Amino acid sequence: MGPTTAPDQSRVPEAARPPALPAVECVGVRKVFRDFWLRPRVTAVQDLDLRIERGEVFGLLGPNGSGKSTTIKLLLGLLFPTAGTIRVLGGEPGSRGVLSRVGYLPEDSHLYPFLDGRETLEYYGRLFGLDPVERRRRALQLLEMVGLPEAGRRPVQEYSKGMQRRIGLAQALVNDPELLILDEPTNGLDPLGTRQVKDVILALRERGKTVVVTSHLLADVEEVCDRVSILYGGTERLLGTVDELLSDGARTRLDLDRLDPETEGAVRALLGERGIAIHRAEAPRQNLESLFLDIVRTARSEGLTTSGAREAGALAPFLAGREEDGASAG
Amino acid sequence: MSAPSLPRPLELLALLAALIAGSLLLLDGGGGAESAFSVLLLAGGLLVASLGVRAVAASLDRGGAVAAVAAVSIRELVRRRVLGLTLLLLFGGIALLRGLGGGGALLEARLEGFLAYALAWVFLVLSLFTLLASTGSLCEEIESRRLHTVVVKPIGRFRLLAGKWLGVALIDAVLLGAAAGAIDLSVERALRGADEGGRSWRATHRSVRPEFPERFLAESRSRAEERRANDPGLWRALLIERGGDEEAALLDLQRQAYRELLARWATIPVGERRRYEFSIPEREAGPVVLVLAPHLDRAHAADRQRFDVRSGGEVRPVFLGGGESTRLELPTRAVEEGRLVVEIENAVQGRPGYGATFTGEDRLSIEVPTGSFRANLARACTVLAVQLSFVAALGVVSATFLGLPVAMLLVLLVLLAASLGGGLLDLEPERARSPLDRAIAARNAPEEDHAHVHDHDHDHGHDHDHVSHGAATGAAGHDHDHSVKASPVMDILDRSGRRLVSLLGAWGRAEPIDSVAKRREIPGAAVRGALLEIGALWTGLVGLLGLIVFRRRELARVQV
């Protein structure tokens, strides 16, 4: 795909579609880091077989040092495998054809501190070969999307870590990628930013994009991933859909309006008669994330200002496939 | 992206300073004028260079990915204040050096000193800037892993390196141009109101050395054959050394005889006269000057010796000191159909120990006016820009596989080796071959090679000196001959060493700084040579090395 448009598979007749290649395919991949004398030092990835289908959100999970980031760097051509083969979007990792269709957010944003937010996005747009008008339009839309339209003219070195992370996310999206690789995307983000990253991932999935997410914050991944792979010591320990992996067939949870003591007693008695044990019954507490988001929204509705990120906007029109809307935004 | 340059307030300040200094210059021709001119030079230089960088960055904003990387490199240098500091050092240094040798010194000597130091200063500052900018930027990006975000874009690693190089090379070119402008203005200012001699200073000359007499070839051969017949012991020893090859042994004898002839030709004993012929290139209006700097057998500081110089039908006595350079204007009619003949007679009477030898650099030459100072400065700057662009390429490529301090050290070492390459050239056998060997090589070579050999001598003229030196010292037997059997390993090492030295020699061959200071014309061939050898060959090889290394360089480290 060129940097601006993705072929819309939904418009192609089923029979005419080529057999779908996986977005990522790793077979028997091993990565050994060697010392100066070429002696094996660390085996970061061992015999990894991985197949990520197009259009899915795939979570690569594991504790620190489990080989998640190494795997991602292998997919991007930043590292070369010691053994095994890797195909990304049907091509060689790191080849220009593949990279033009990939977006990448590294673990730390790694931005040019002397450029401002808008210059940063325009620069990365140029590296994708976008024409000046298009890259300017996309830069503005992305700044709006990540909630940094006012901070766009400030040098990145003045940004907080969360703001840098937002610009990092924006640069990963500037080419409207087919495959988006996010390494610890919520690292350093406040709950607002975290929520937004999740929303972006879900919106991209809606558009048929493939997203690979690594994280050790499992709650973040659980909400957005179709499938997850759990790594430990460079090898895959578990692979499956989130539902498959997390469903507990031995238990049932009911979420009801508050019961008065009499009704609660009747329910307990009924369940007791049938030999069903109640492990937990309590009034639920509000989620801390919801509480935080409520407070921030209230503050904003009262007109309080901040030099940091403001409320994120909707998905950038060019990412949502609404090019004509985007044209007027530039 | 907006085109970067110095911060606007600094630009405005420079403009204000330039306007005030300019006004003072116009109003006051007195004692403060020189200070005002120095301020004008500093402020104007800052302003012009800043605007130049702005224009370059703006033009890069219209290019592709390479231009994008170059533009960001320039922004980094500007916004991290590296450029501002470099500009201050550059133009501050030029402004200060204007006062060098002021007061008592002759105008010509003052200008020569100013040019030598100012150009050396400019090259030093820009070399350090280039070293820092080329290695620093990429090393930091690799260390901070910022490069991870860039190389995963579809730019290609080579284009990334090319962009980094282009950014630094373009800034170098702009700064060098601005500095050359400042130097030229300083020279114009110094020459303002100068007399006729001062005005003729604007001309540059080409130094021409005497031609070797053709007859020496035949004469050396007959002497060699004579020696073979008269000294059978020597002949047997040579034959053993040459493994029975009679022709090689005879050539050894001929070389020795040739050297003796040259030594005799370069030496004028008391009461004797020598005739020297020169081939004169196409020239500008102006006098042809004979430069004499003999080595005198009995010379000491106060000892001067009389010589009579005959040329163009005139005989002129000159008194020469040992180790001193004396210039003598020759009559215009001395040049006939592109040739000039000078006869020099050692006019000391009755003192047999007072011989004179014309050996080594500039001992006997004529200076022919061939161009202008400004054109020469432009040529020098072209050569310096090519050298700086090579430093930039080397810096960028070193940074692909070395950390910052080591990469900088490597570049410095290569710079040092290249700068010393000219000195090594004197020891290099290929270049130090006698005219005899070159004549034989030229005779055996195809037509175009013959032309090249001749052209080379004509342009640079250094070979003559090497030979004369060898002739004077009577050194024998150090010429390299490929017929000598050596082990293959030694032969490869020998060839590689000579090739390396020959390659390194390209760095100093044009002698841009020295030539401008001494108003010696930098030949077009030297500029073309620098462009081809340093600009294309060296830089290309370094770029290729960078491509090979960086293409497979893993940009992430173990993190498990």
Side-chain angles (χ1 to χ4, degrees), chain A residues 3 31-35 41-45 64-70 72-74 76-80 94-116 118-119 122-129 132 155 168 171-172 174-175 181 183 233-234, chain B residues 1-4 7 57-58 60-83 136-138 140-160 163 167 401 403 550-560:
Chain A
K31 178 62 193 174
V32 179
F33 287 101
R34 297 177 187 277
D35 64 11
R41 195 164 139 219
V42 173
T43 302
V45 176
N64 295 334
S66 59
K68 305 184 298 289
S69 293
T70 301
I72 280 195
K73 282 162 189 161
L74 288 166
L76 290 161
L78 288 168
L79 292 173
F80 305 107
S95 67
R96 285 174 64 187
V98 167
L99 291 176
S100 66
R101 297 183 288 159
V102 174
Y104 170 53
L105 171 66
E107 192 175 349
D108 292 310
S109 299
H110 306 315
L111 302 167
Y112 288 91
F114 50 85
L115 295 182
D116 64 34
R118 193 169 148 183
E119 285 175 339
E122 287 198 29
Y123 173 53
Y124 289 119
R126 279 184 85 180
L127 298 186
F128 279 107
Q171 67 78 25
V174 76
N175 61 326
I181 298 177
D183 196 357
Chain B
M1 285 194 262
S2 60
L60 285 173
D61 277 344
R62 287 190 289 276
V66 173
V69 176
V72 165
S73 300
I74 292 177
R75 273 175 180 79
E76 180 173 13
L77 293 168
V78 170
R79 292 181 183 169
R80 292 195 156 161
R81 299 186 177 91
V82 180
L83 183 73
S137 171
L138 193 60
E140 198 208 328
E141 285 195 35
I142 292 173
E143 280 294 313
S144 69
R145 298 186 214 154
R146 202 185 302 145
L147 208 63
H148 291 190
T149 327
V150 180
V151 292
V152 299
K153 307 290 186 265
I155 173 179
R157 294 187 178 190
F158 185 68
R159 293 206 293 171
L160 175 69
F401 62 99
F550 199 46
R551 205 168 68 89
R552 292 297 295 175
R553 162 92 200 261
E554 293 198 322
L555 289 167
R557 295 203 192 113
V558 57
Q559 280 183 293
V560 293

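Everything numeric in this text was worked out from a predicted model, so none of it was measured. Residue numbering restarts at 1 for every chain, and letters A, B, ... go by the order of the sequence lines.
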Under 4.5 Å from any heavy atom of chain B, what part of [X] do you find: side chain, backbone, both or neither?
X: Ser109(A); answer: backbone
X: Lys31(A); answer: side chain
X: Pro106(A); answer: side chain
X: Ile181(A); answer: neither

| Largest heavy-atom contact set with chain A, pairs under 4.5 Å, which of Arg146(B), Glu141(B), Arg157(B) | Arg146(B)

| message | Looking only at heavy atoms and a cut-off of under 4.5 Å, which of Ile155(B), Leu147(B), Leu160(B) has the most pairs with chain A? | response | Ile155(B)

| field | Salt-bridge present (Glu119(A), Arg126(A); N to O < 4.0 Å) | value | no

| said: One thing to verify: whether Arg145(B) and Asp183(A) come together as a salt bridge, which I'm taking to mean a side-chain N less than 4.0 angstrom from a carboxylate O. | reply: no

| note | In terms of heavy-atom contacts, Pro155(A) and Pro113(A) come closest through CB-O, 3.8 Å

| said: Quick check on Val69(B) against chain A: is it the side chain, the backbone, both or neither that has a heavy atom closer than 4.5 Å? | reply: both

| Measuring heavy-atom distances to chain A, does Ser144(B) have an atom under 4.5 Å in its side chain, in its backbone, in both, or in neither? | backbone

| note | The ring-ring contact (aromatic ring centres under 6.0 Å, His included) partners of Phe114(A) (sequence neighbours excluded) come to Tyr112(A)

| said: Could you tell me if the side chain of Tyr124(A) sits less than 4.5 Å from the side chain of Asn175(A), heavy atoms only? | reply: no

| side-chain hydrogen bond (donor to acceptor under 3.5 Å, both in side chains) against Arg80(B), all qualifying residues, sequence neighbours excluded | Glu76(B), Glu140(B)

